[in-house]
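Worksheet: one structure, shown below.
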Amino acid sequence: MSSLRSITLATLTKDVRLEWRSKDAINSMLFFSLLVVVIFSFSFDPNAEESRQIAGGLIWVAFLFAAVVALNQTWARELRNQVLDAYRVSPAPANALFMAKVLGNFILVSLLEGLMAPLFMIFYNLRALGPAWQLIPVALLGTWALVVNGTFFAAMSLRTRSREIMLPLLLFPISIPAVQSMVEATRIILTGDGAARFWIVLLLTYDVVFTTACLALFETILQAE
Amino acid sequence: MSSLRSITLATLTKDVRLEWRSKDAINSMLFFSLLVVVIFSFSFDPNAEESRQIAGGLIWVAFLFAAVVALNQTWARELRNQVLDAYRVSPAPANALFMAKVLGNFILVSLLEGLMAPLFMIFYNLRALGPAWQLIPVALLGTWALVVNGTFFAAMSLRTRSREIMLPLLLFPISIPAVQSMVEATRIILTGDGAARFWIVLLLTYDVVFTTACLALFETILQAE
Amino acid sequence: MKRAFPILAAVTALLLAYAFYEAIWVAPMERTMGDVQRIFYYHVPSAWTAFLLFFVNLIASVIYLVRRNAKADAVALVTGEVGVVFCTVVLVTGPIWARPVWGIWWTWDIRLTTTLVLWLIYVSYLVLRRFSESSQTPKLAAVLAIFGALDVPLVYFSIWFFRTQHPQPVIGGGGSIDPRMLHVLLLNWLAFSCFALLVSWARYRLEMFKREVEEAEALESLLVAGSGAQISKTQIPLSREPQ
Amino acid sequence: MTESAATIRVTNLIKQFGRFAALRGVTAEFDSGRFHVILGDNGAGKTTLLRALAGLADPTRGEISIFDKNPHEACREIGYMAHPSLLYDEMSGMENLRYFARLYDIAGDARSSEAIRSVGLDPELSRPVGKYSQGMRQRMSLARAILHDPKILLLDEPFSNVDVHSAQEMVGLLKQMRDAGKTIFVVTHQAALLEGAADEFIWMQAGQIVDRTRHLVPDPAGRA
Amino acid sequence: MTESAATIRVTNLIKQFGRFAALRGVTAEFDSGRFHVILGDNGAGKTTLLRALAGLADPTRGEISIFDKNPHEACREIGYMAHPSLLYDEMSGMENLRYFARLYDIAGDARSSEAIRSVGLDPELSRPVGKYSQGMRQRMSLARAILHDPKILLLDEPFSNVDVHSAQEMVGLLKQMRDAGKTIFVVTHQAALLEGAADEFIWMQAGQIVDRTRHLVPDPAGRA
Ligand code: HEM
Ligand SMILES: Nc1ncnc2c1ncn2[C@@H]1O[C@H](COP(=O)(O)OP(=O)(O)OP(=O)(O)O)[C@@H](O)[C@H]1O
Ligand SMILES: Nc1ncnc2c1ncn2[C@@H]1O[C@H](COP(=O)(O)OP(=O)(O)OP(=O)(O)O)[C@@H](O)[C@H]1O
Ligand SMILES: [Mg+2]
Ligand SMILES: [Mg+2]
């Protein structure tokens with residue numbers, strides 16, 4: 001167990017350091033999300049009432065797509081020179097690698113959200129009419145949901161042709177309940193009519209179910225050559 | 001000149017063939033479009049009046065996403081095993097490679113647009129109130145704008161050290177006029193108030209200017225090691 | 001065993017013909033919807049059959065992951081494929097029915113949406129199988145099947161609140177139905193299940209046969225087919241480098 | 001040389017890639033503490049065999065037992081070096097090894113710099129591995145394989161791209177390790193380098209082991 | 001052997017990577033129609049020199065003239081083979097060559113299949129190059145380099161990973177090409193293979209040419 005933790009940490013540190021050196025993923029994500037904000041702000045006169053209705057959808061669609069762009073690169077580094085093989089022949093537990101990748105992506109996407117959310121708020125004149133603090137658990141749980149499955153399916157699509165396009169093909173159908181919950185919860189919190197509790201619980205269930213499933217099955221995926 | 005054309009064609013054919021290796025490519029793209037549309041309809045209530053207002057923006061976000069996924073892998077294939085070096089030592093003109101990549105991406109993204117647009121129309125009950133045929137030049141010119149600059153900057157980001165921060169910072173401001181024109185033109189055509197001519201001409205100008213610039217400078221980018 | 005297949009085929013053909021006759025001519029006409037309602041006898045059995053096949057797919061996938069049994073994998077592949085076909089039938093007959101009675105092709109209703117998502121999940125399953133380059137495709141596919149199965153209840157809850165327009169379940173849902181209709185429906189379901197079994201079986205045999213052929217070919221393709229061994233067919237000479 | 005019990009047992013190994021079988025029934029036993037060299041033409045299946053022994057390729061059929069365990073369970077005892085470097089191009093050699101040491105639960109940098117030094121490189125070299133010359137990368141890759149001091153070494157063409165002088169030093173290192181009780185498998189096309197050092201030469205052809213000889217004979221019996 | 005005029009002239013070539021100079025003033029002339037072998041330790045700068053000759057690396061300082069042109073202008077006369085295969089993994093060998101033939105404006109498949117056959121592979125092989133064994137890939141890479149029948153061949157370790165028999169055949173092929181008037185540069189660590197065939201051995205050390213000898217002497221003058 002302690003080895004799981006220490007290896008997760010070692011892998012995470014390494015990834016963060018390398019990402020910091022190249023800044024590949026964060027850049028393409030940032031560029032993409034900025035353009036999305038701009039596109040929306042051009043295409044849509046921010047009239048307070050309307051925007052609140054659809055802002056939840058806008059924000060999450062933007063983040064979902066940005067996350068897919070980032071997730072696609074998760075394993076790229078491990079594939080070059082087949083470093084993944086070095087991991088596979090080592091006694092290190094598969095789940096340590098998985099957790100490190102998930103945490104790395106989680107940090108990355110959360111960072112992006114932290115940067116983008118204020119922009120959205122400003123561009124669309126958003127102010128939550130419901131309990132605003134609930135947006136934080138929704139964002140965290142929602143991001144986790146996207147990232148945990150995304151990392152898993154990205155690993156799966158390593159073994160396929162046309163890898164990049166495979167990830168959304170696998171990820172989107174499975175993510176539908178999570179996306180739905182995030183969007184609905186955000187909408188309810190922003191407009192203030194109703195309670196978001198049901199959605200948050202659903203999101204939590206989703207996270208628990210799929211994190212467990214991923215941890216149980218990642219070893220199989222990693223070892224499939 | 002004829003060698004430019006024939007090599008462009010050869011490279012394009014090769015790329016298309018590799019994309020197309022499996023007959024399933026088109027099916028998977030269709031499926032991808034369907035998924036994007038379904039995800040959108042989970043995020044926005046398609047029956048709501050507001051979402052029709054921003055449909056122009058939504059569509060372009062979806063296309064932008066598809067384009068980014070495609071652009072991200074444009075050069076990946078040339079980098080593996082350093083095949084690009086084989087191109088560089090050959091007498092083939094640099095612009096042939098560039099044009100082939102641009103055309104390849106253009107075809108791919110246009111195809112996706114062609115698949116997605118009808119799906120959007122159906123799911124969102126869209127009907128253009130302005131002259132619908134104008135959507136076609138807007139889509140073509142807009143796609144070209146995204147693709148020509150995207151391909152160029154993707155190539156640039158292969159080499160330069162400083163690309164990390166440069167890439168989004170350069171590409172982003174440069175793309176804004178194109179993005180704005182696309183979105184405005186689409187909105188005008190869908191809602192029918194006003195004429196989209198100004199935006200189409202702007203888009204055309206943008207395309208001409210940047211295509212020329214890219215062709216003039218690509219050789220330098222390619223030969224920089 | 002050899003003879004079971006043609007017998008099943010004959011029985012299925014008879015059942016399908018008889019069920020068709022019952023559905024079109026014998027079953028009573030529905031009062032408000034009229035003859036369109038007869039699509040019911042194809043719509044509902046297809047849905048049930050698809051559910052059944054997806055369920056078998058899940059079981060087979062789990063068995064494969066535990067036992068690494070190639071047959072289980074073939075069963076999973078086959079039920080996935082045939083299940084998607086039946087699910088497509090539901091998604092096609094539904095709108096055909098909806099257009100005259102509801103006036104629209106599609107609405108975001110819980111039953112419709114779950115069916116659509118189910119279809120999407122299993123299509124992505126087939127896409128993975130088609131696109132995989134690994135010799136371990138079965139493993140990947142089995143894992144995805146389990147993820148899909150876990151997702152279904154969550155999808156159901158996530159669209160729980162959608163206003164519904166679709167009829168409530170016939171069995172166990174408290175709805176009432178004319179017993180003669182029910183009889184025809186069950187008959188059709190039996191026919192469809194036999195049909196699904198028949199198709200899956202044929203497909204299964206084809207798949208197993210394909211794999212056998214591949215293995216035989218693999219072991220036969222000797223060095224000439226394989227490598228650039230032609231030039232050194234005779235012998236591997238030793239290194240004569242002086243060191 | 002003492003005959004120790006067979007520690008690696010391979011039974012009827014078949015590895016199929018679609019329509020093509022790279023291994024077609026390999027059966028063999030290998031004793032521990034010996035230095036084996038695997039020879040054969042391009043495409044004979046040497047790499048595939050090594051990958052199967054390392055637990056990287058699940059055999060289509062057949063069994064592998066290493067110390068009576070399967071390759072996965074025995075992974076602590078196995079050091080594997082491949083054609084590709086299995087190193088992160090963006091990190092320096094030392095950073096790479098430090099990371100891999102963590103995977104094997106080896107604390108401290110001492111072992112990492114020792115491994116680097118033993119292949120004749122400098123642990124202080126700060127250049128990222130991607131900018132090493134080909135031979136330097138190859139040696140760093142060997143350092144990675146011996147990092148955790150495994151009992152069994154599987155080396156896939158360790159001498160290719162390495163200069164003659166360094167190759168001889170590497171052979172010396174391997175000989176030392178054999179004398180320290182390690183079992184060594186080397187796939188190579190430069191067999192002459194190993195003439196004095198190796199205990200056994202294993203000849204592969206078209207996915208099968210066709211002969212095993214004590215010495216590097218010009219035409220081993222049983223070969224077509 | 002007739003002494004022809006020097007066709008490749010390298011003057012005070014310096015190639016610097018950041019703080020490190022891989023080439024530190026290489027000056028040399030090479031005659032056409034000869035078979036040169038470049039030898040040296042790992043990291044001596046052999047690959048860097050070859051890349052500079054091929055026009056892939058712009059020298060920091062110094063000049064290269066090939067047939068009195070710069071390497072870019074002379075690119076039709078140069079065939080370059082590198083450590084990485086420079087081939088598309090996803091296409092078969094024939095498809096790869098067909099594409100590269102187009103780049104050199106060579107019509108028809110005849111030349112491509114001839115090139116493949118000359119390195120001992122089968123043009124009909126439909127497997128993608130990514131699934132070739134290492135040595136097969138290496139040979140296909142040589143086929144790519146000789147495809148357009150260049151006057152100058154720059155080969156970076158063509159024999160590594162190639163089985164001995166095939167390596168000897170490749171040497172034979174190169175000898176033929178030399179006799180047909182080509183100028184050949186081979187970087188290798190298996191110099192013994194070339195003993196009879198090569199006209200000149202060029203010794204590099206720490207970014208400089210330290211000696212040029214006619215024969216493979218065990219310790220050429222000027223080497224430490
Ligand atoms: C538009 C697409 C439609 C889809 C995707 C769809 C899907 C389904 C599914 C999956 C079932 C089986 C559900 C279950 O047994 O739990 C079902 C049953 C049924 N459908 Fe539909 N349906 C559609 C349209 C319609 C329409 C327009 C009608 C008629 C008004 C209709 C009437 C029924 C009836 C009566 C049942 C049997 C009730 C039951 O046992 O569940 N459906 N449908
Ligand atoms: N993933 C794969 N898919 C299909 N065929 C493969 C795959 N990997 C290897 N092969 C084929 O299997 C055969 C054996 O390959 P392997 O790499 O084991 O050869 P090798 O003996 O190591 O040759 P070399 O000395 O050239 O490295 C080759 O013909 C190769 O093309
Ligand atoms: N892009 C680069 N950036 C920094 N240093 C580099 C780069 N490319 C090569 N070097 C360094 O230049 C030196 C010479 O490298 P080169 O690849 O030319 O050696 P080589 O003689 O080909 O060696 P080998 O026989 O191992 O292939 C090495 O020390 C290498 O680390
Ligand atoms: Mg090999
Ligand atoms: Mg080199």
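Proteins get letters first, then strands, A, B, ... in listed order; numbering begins at 1 in each.
The minimum heavy-atom distance linking Ile121(C) with Pro173(A) is given by the pair CG1-CB, 3.9 Å.
In this structure, the separation between CD1 on Ile174(A) and OG on Ser124(C) is 6.0 Å, given to the nearest 0.5 Å. Taking CG of Leu120(C) as the start and CZ of Phe172(A) as the end, the distance is 11.5 Å to the nearest 0.5 Å. With rounding to the nearest 0.5 angstrom, the CZ atom of Phe153(A) is 5.0 Å from the CZ atom of Phe147(C). Taken to the nearest 0.5 Å, the OG atom of Ser175(A) stands 7.5 Å off from the CG atom of Asp151(C). Rounded to the nearest 0.5 angstrom, Thr160(A) OG1 and Arg130(C) CZ are separated by 14.0 Å. To the nearest 0.5 Å, atom NZ of residue Lys139(C) and atom CD of residue Gln223(A) are 7.5 Å apart.
By the 6.0 Å contact criterion, CZ on Arg197(A) is open, its count of non-hydrogen atoms from other residues, nucleotides or ligands being 12 or less. At most 12 non-hydrogen atoms from other residues, nucleotides or ligands lie less than 6.0 angstrom from CZ of Phe195(C).
Exactly one of Leu144(C), Leu140(C), Leu65(C) qualifies for a side chain to side chain contact (heavy atoms under 4.5 Å, CB included) with Leu217(A). That residue is Leu65(C).
Residues Val127(C) and Met166(A) are in side-chain contact: their nearest non-hydrogen atoms beyond the backbone lie under 4.5 Å apart.
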Quiz item: Is there a side-chain contact (heavy atoms from CB on, under 4.5 Å) between Phe157(C) and Thr205(A) once you walk through the steps?
Solution: CA-CA 11 Å; Phe157(C) 282 119; Thr205(A) 320; over 6 Å; no

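Chosen from Leu116(C), Val123(C), Leu150(C), Leu118(C), the residue pairing most often with chain A at heavy-atom distances under 4.5 Å is Leu150(C).
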